[in-house]
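Reminder, nothing fancy here: chain letters follow the sequence lines and each chain counts from 1. Just so we're clear, the structure is a prediction, and the values are computed from it rather than from any experiment.
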2 protein chains.
Amino acid sequence: MDQQRKNHLDARARVLKAMAHPTRLFIIEELEKGEQCVCDLTAMIGADISTVSKHLTVLRQAGIVLDDKRGNQVFYRLRVPCILNFFGCVESVLESRAKDQAAYLAVVGK
Amino acid sequence: MDQQRKNHLDARARVLKAMAHPTRLFIIEELEKGEQCVCDLTAMIGADISTVSKHLTVLRQAGIVLDDKRGNQVFYRLRVPCILNFFGCVESVLESRAKDQAAYLAVVGK
DNA sequence: TATTCGCTTGGCTATAATGCCAAATAACCA
DNA sequence: TGGTTATTTGGCATTATAGCCAAGCGAATA
């Protein structure tokens with residue numbers, strides 16, 4: 001594996017890793033609907049605001065979201081619009097597993 | 001956030017997390033070209049075979065790959081074909097960041 | 001049967017991620 | 001100025017992940 005390919009895989013992995021957390025996926029879904037301030041996201045998530053802030057930092061550092069301070073609030077939005085299309089394949093994985101699971105259950109007698 | 005949504009986010013996050021490692025992305029890319037045995041993947045990756053085997057276990061448990069033992073070799077293949085299409089958006093994130101980085105470098109005088 | 005081959009699993013250490021609390025910062029308001 | 005609100009950061013304990021070596025195990029071969 002050459003160095004250039006390795007660098008590219010590292011870069012992709014960093015983006016995926018930033019998305020690979022339920023709270024951060026929630027944030028991405030909500031931001032798909034439009035920008036949100038930290039306070040509103042925090043209210044929806046129901047965790048400590050410092051926890052939510054750190055999740056947002058992870059997303060920002062991965063280049064997934066942008067922040068915009070207005071007054072004493074910070075609004076976050078998606079940097080690229082496609083993030084959610086992206087899930088079609090994740091869903092395929094989930095469905096494929098569900099199907100096999102159903103087949104297995106049928107074999108063992110429900 | 002209701003329980004059903006939480007479950008769904010958890011399920012998606014688990015799939016993404018399984019993909020979020022450079023070695024596992026490499027494996028996915030190689031399997032896109034066709035099934036491979038553990039030995040060939042190990043040779044390409046250049047890590048200990050036990051390390052590669054554990055990465056494959058992560059991918060299998062996430063429902064991303066399937067294994068097939070034939071003789072004393074185990075062949076792995078992708079369970080769903082779309083995994084790599086999936087990266088268009090990851091690339092957008094990376095390009096978007098590169099663009100901003102370039103703009104920043106221009107501002108500070110290269 | 002004994003040996004080798006291909007792979008998985010157990011065990012370990014080192015490193016990273018998570019989430020809370022508390023403290024720091026920044027903007028606004030009285 | 002002092003206080004309040006919104007957010008970030010530091011620090012810490014807990015848990016998870018990564019990768020190596022060694023041991024285990026089934027399948028092929030001598």
A.B. asks: Side chain of H21(B) only, heavy atoms from C-beta on: which candidate in dA18(D), dT8(C), dC20(D) is closest?
C.D. replies: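 Shortest atom-to-atom distance from the side chain points to dA18(D).
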
A.B. asks: Looking at dG11(C), dG6(C), dT18(C), which one has an atom nearest to any side-chain atom of K54(B)?
C.D. replies: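 The nucleotide sitting nearest to the side chain is dG11(C).
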
A.B. asks: Give the nucleotide from the list dT5(D), dT7(D), dT17(D) with an atom nearest to the side chain of C37(A).
C.D. replies: dT7(D)

A.B. asks: May I have the distance from E35(B) (atom CD) to dG6(C) (atom P), rounded to whole angstrom?
C.D. replies: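 So the two atoms are 17 Å apart, to the nearest Å.
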
A.B. asks: Describe the nucleic acid contact of R70(A) in one word from base, sugar-phosphate, nothing, applying a heavy-atom distance below 4.0 Å.
C.D. replies: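 Since no nucleic acid heavy atom lies under 4.0 Å of R70(A), the category is nothing.
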
A.B. asks: Provide, to the nearest angstrom, the distance between the CG atom belonging to D40(B) and the C1' atom belonging to dG6(C).
C.D. replies: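 Rounding to the nearest Å, CG of D40(B) and C1' of dG6(C) are 11 Å apart.
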
A.B. asks: Can you tell me which nucleotide in dT8(D), dC20(D), dT7(D) comes closest to the side chain of S53(A)?
C.D. replies: dT8(D)

A.B. asks: Using a 4.5 Å cut-off on heavy atoms from C-beta on, say whether the side chain of T51(B) contacts that of T42(B).
C.D. replies: no

A.B. asks: Rounded to whole angstrom units, what separation is found between the NE2 atom of H55(B) and the P atom of dA18(D)?
C.D. replies: 6 Å

A.B. asks: Does K69(B) contact dG6(C) through a side-chain donor or acceptor facing the base, at a distance under 3.5 Å?
C.D. replies: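 In this structure, the two groups form no donor-acceptor pair.
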
A.B. asks: Write down the distance between CG (L59(A)) and C1' (dA17(C)), rounded to a whole number of angstrom.
C.D. replies: 14 Å

A.B. asks: Please determine if R60(A) forms a cation-pi arrangement with Y76(A), meaning its NZ or CZ atom is less than 6.0 Å from the six-membered ring centre and no more than 45° off the ring axis.
C.D. replies: no

A.B. asks: Has the side chain of S50(B) got a donor or acceptor that lies under 3.5 Å from a partner of the other kind on the base of dC7(C)?
C.D. replies: no

A.B. asks: Please evaluate residues R77(B) and L31(B) with respect to the criterion side-chain contact (heavy atoms from CB on, under 4.5 Å), reporting the C-alpha separation (whole Å), side-chain torsions for both, the decisive distance (0.1 Å), and the verdict.
C.D. replies: CA-CA 6 Å; R77(B) 64 178 189 278; L31(B) 296 186; 5.6 Å; no

A.B. asks: Check every atom of dC7(C), dT7(D), dT9(D) against the side chain of V38(B) and return the nucleotide holding the closest atom.
C.D. replies: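 Closest nucleotide to the V38(B) side chain: dC7(C).
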
A.B. asks: Ignoring the backbone of N72(A), work out which of dT8(D), dA27(C), dA17(C) is nearest its side chain.
C.D. replies: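 For the N72(A) side chain, the nearest candidate turns out to be dA27(C).
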
A.B. asks: Tell me the interatomic distance from I45(A), atom CD1, to dT7(D), atom C1', rounded to whole angstroms.
C.D. replies: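 About 14 Å, once rounded to whole Å.
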
A.B. asks: Send over the distance from I27(A) CD1 to dT18(C) P, rounded to a whole Å.
C.D. replies: 11 Å

A.B. asks: Can you find a side chain N or O atom of Y76(A) that sits less than 4.0 Å from OP1 or OP2 on dA6(D)?
C.D. replies: no

A.B. asks: Quick one: on DNA chain C, does A47(A) or G71(A) contact a more 5' nucleotide (nearest heavy atom)?
C.D. replies: A47(A)

A.B. asks: Report yes if some heavy atom in the side chain of R24(A) is under 4.5 Å from a heavy atom in the side chain of M19(A); otherwise report no.
C.D. replies: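 No; the side chains remain at least 4.5 Å from each other.
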
A.B. asks: What's the CG-P distance between D48(B) and dG10(C), to the nearest Å?
C.D. replies: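 Whole-Å distance recorded here is 16 Å.
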
A.B. asks: On DNA chain D, does the nearest nucleotide to Q73(A) precede the nearest nucleotide to T51(A) from the 5' side, or the other way round? Give the residue.
C.D. replies: Q73(A)

A.B. asks: For a side-chain contact (heavy atoms from CB on, under 4.5 Å) check, start with the C-alpha distance between Q73(A) and V38(A), then their side-chain angles and the critical distance, and finish with the verdict.
C.D. replies: CA-CA 7 Å; Q73(A) 290 182 306; V38(A) 180; over 6 Å; no

A.B. asks: In this structure, how many angstroms lie between the P atom of dA23(C) and the CD1 atom of I49(A), rounded?
C.D. replies: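 The answer, rounded to whole Å, is 17 Å.
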
